[in-house]
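For the numbers below, each heavy atom of this structure counts, side chains included, while hydrogens, waters and symmetry mates do not. So that the names make sense, note that chain A is the first sequence line, chain B the second, and so on, each numbered from 1.
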Protein chains: 2
Amino acid sequence: MEQYSTSCTAEQDIAQLLRKQGINPTQQRVEIAQIMLARPQHLSADQILGMVNREHATVSKATVYNTLRLFVQHGLVHEVIVDPSKVFYDSNTGAHHHIYNVDTGMLMDIEADQLNLPAMPPLPEGTVAEGVDVIIRVRNSH
Amino acid sequence: MEQYSTSCTAEQDIAQLLRKQGINPTQQRVEIAQIMLARPQHLSADQILGMVNREHATVSKATVYNTLRLFVQHGLVHEVIVDPSKVFYDSNTGAHHHIYNVDTGMLMDIEADQLNLPAMPPLPEGTVAEGVDVIIRVRNSH
DNA sequence: CTGTGTGCAAAGCTTTTGCACTACT
DNA sequence: AGTAGTGCAAAAGCTTTGCACACAG
């Protein structure tokens with residue numbers, strides 16, 4: 001089954017990218033990927049839902065969640081866990097860390113080379129490191 | 001109004017501690033604090049609810065959440081946000097970081113002096129740092 | 001026709017809110 | 001009586017699950 005093409009080439013590129021990751025490029029997945037991967041950014045599932053349905057109105061909440069989980073598993077995006085109430089999805093998959101403004105909810109990147117971490121401490125027996133997250137929490141100074 | 005006393009001194013000590021922090025030591029708060037502050041540990045609201053009600057069965061879920069939020073505001077415990085699905089409450093309030101095993105859900109401490117962080121990078125205008133969280137995610141090697 | 005994969009309504013969590021109640025003034 | 005503070009049932013919000021449907025072999 002072929003997907004609709006609205007004569008825009010970007011969709012083709014996205015579809016190609018998904019195929020390369022072993023993901024079947026359905027209409028819903030392409031729409032979500034187009035928004036998510038357009039540029040490095042941090043979005044919650046809710047924000048993505050709103051952006052997808054602003055124009056096309058064809059994707060349900062559950063599908064947004066399931067698709068984002070799929071993208072995380074395939075390494076297309078990263079989860080950023082800074083707020084107890086929601087997960088952010090990050091299309092910048094390079095090594096970097098985060099500044100989180102607890103007043104505004106805004107999330108910013110710090111490139112890894114601006115914050116050199118020392119050597120890893122000894123890990124528990126039988127475990128291997130999967131990643132290191134550094135979150136600098138800031139608030140507005142009045 | 002005085003709280004019940006079951007002739008145990010620990011309750012008195014906890015009540016004293018809460019008063020020192022400006023928290024009215026009601027029965028529910030003392031019971032939660034007794035479990036939470038018994039030793040340095042990481043517990044979810046659900047685990048605390050289970051432990052409180054194992055013996056006394058007198059505290060509701062909502063009260064556990066509200067009480068823990070109160071304790072966080074008064075600096076008695078810290079929130080640890082590592083898992084998208086639940087918050088952990090940490091009775092170790094000293095400077096330290098965490099190792100999180102994504103397979104088992106286990107959370108361990110790293111003392112701050114085992115992982116010296118370099119100087120803080122420049123923060124956005126009009127913001128001040130509130131804290132830095134470092135989370136090393138590990139998984140079982142097979 | 002059978003089996004695999006997809007999308008979404010409904011269910012399942014954790015957490016917050018609004019209100020009845022209590023305890024003090 | 002009036003007022004401030006407390007605990008919890010019910011509501012809200014985020015995320016996952018189970019199932020109907022679609023498509024490929």
Side-chain angles (χ1 to χ4, degrees), chain A residues 1-4 15 18-19 21-33 35-36 42-53 56-74 77-89 102 105 107, chain B residues 1-4 14-15 18-19 21-33 35-36 42-53 56-74 76-89 102 105 107:
Chain A
M1 185 265 299
E2 284 305 303
Q3 300 303 317
Y4 286 87
L18 294 182
R19 263 190 221 96
Q21 302 290 332
I23 297 173
N24 187 12
T26 65
Q27 173 161 8
Q28 282 89 340
R29 289 172 183 172
V30 170
E31 285 188 18
I32 292 168
I35 286 168
M36 196 62 220
H42 313 100
L43 297 172
S44 67
D46 221 40
Q47 290 175 304
I48 293 169
L49 182 68
M51 292 169 82
V52 169
N53 288 345
H56 304 283
T58 45
V59 184
S60 78
K61 215 171 194 179
T63 298
V64 170
Y65 278 98
N66 290 337
T67 300
L68 288 169
R69 184 151 36 121
L70 191 70
F71 287 180
V72 169
Q73 283 162 5
H74 287 259
V77 301
H78 279 161
E79 279 181 328
V80 186
I81 302 163
V82 285
D83 188 296
S85 73
K86 62 174 64 113
V87 172
F88 285 93
Y89 293 89
V102 297
L107 192 57
Chain B
M1 182 267 302
E2 285 307 303
Q3 300 303 318
Y4 286 86
I14 292 284
L18 294 183
R19 263 190 221 96
Q21 302 291 333
I23 296 172
N24 188 12
T26 64
Q27 173 163 8
Q28 283 88 340
R29 289 171 184 174
V30 170
E31 285 188 19
I32 293 168
I35 286 169
M36 196 62 220
H42 313 101
L43 297 172
S44 67
D46 220 39
Q47 289 176 304
I48 294 169
L49 182 68
M51 291 169 81
V52 169
N53 288 345
H56 304 281
T58 45
V59 185
S60 78
K61 216 170 193 181
T63 298
V64 170
Y65 278 98
N66 290 336
T67 300
L68 287 170
R69 185 151 35 122
L70 191 70
F71 288 179
V72 169
Q73 283 162 5
H74 287 260
L76 274 172
V77 300
H78 279 161
E79 278 181 328
V80 187
I81 302 163
V82 285
D83 189 295
S85 73
K86 60 174 66 111
V87 172
F88 285 93
Y89 293 89
V102 296
L107 192 58

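In this structure, A:T67 OG1 and A:E31 CD are separated by 10.5 Å, a value rounded to the nearest 0.5 Å. Expressed to the nearest 0.5 Å, how far CD1 of A:I48 lies from OH of A:Y65 amounts to 9.5 Å.
Among D:dG7, C:dT6, C:dT14, the nucleotide with an atom closest to any side-chain atom of B:K61 is C:dT14. For B:A45, whose side chain is taken as the heavy atoms from C-beta onward, the closest listed nucleotide among C:dT15, D:dC14, C:dT16 is C:dT15. For B:T63, counting side-chain heavy atoms from C-beta on, the closest listed nucleotide (C:dT14, C:dT17, D:dG7) is D:dG7.
Counting any heavy atom pair closer than 4.0 Å across all strands shown, B:S85 reaches sugar-phosphate atoms only and no base atom. At a threshold of 4.0 angstrom between heavy atoms, the contacts of B:R29 are confined to the sugar-phosphate backbone, with no base atom among them.
Rounded to a whole Å, the CD atom of A:Q27 is 16 Å from the C1' atom of D:dC23. At whole-Å resolution of the value, CG in A:N66 and C1' in C:dG5 are 13 Å apart. In this entry the distance linking CG of B:L70 with P of D:dA4 reads 18 Å, nearest Å. Distance, A:Q73 CD to C:dT6 C1': 15 Å, rounded to whole Å. Note: CD (B:Q28) to C1' (D:dT6) measures 8 Å, nearest angstrom. A:R69 places its CZ atom 6 Å from the C1' atom of D:dT16, with the value rounded to the nearest Å. Taking atom CG on A:L49 and atom P on C:dG7, their separation rounds to 14 Å, with Å as the unit. We find that CG of A:L43 is positioned 15 Å from P of D:dC14, with the value rounded to whole Å.
Each of B:V59 and A:V87 was assigned the nucleotide of DNA chain D with the nearest heavy atom; the assignment lying further toward the 5' end belongs to B:V59. Nearest-nucleotide positions on DNA chain D place B:S60 closer to the 5' end than the other of B:S60 and A:Y65.
Using a 4.5 Å cut-off on side-chain heavy atoms (C-beta onward), B:N53 and B:V59 make contact.
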**OP:** Before giving the answer on side-chain hydrogen bond (donor to acceptor under 3.5 Å, both in side chains), spell out for A:S85 and A:D83 the whole-Å C-alpha distance, their side-chain angles and the decisive distance to 0.1 Å.
**Re:** CA-CA 5 Å; A:S85 73; A:D83 188 296; 2.6 Å; yes

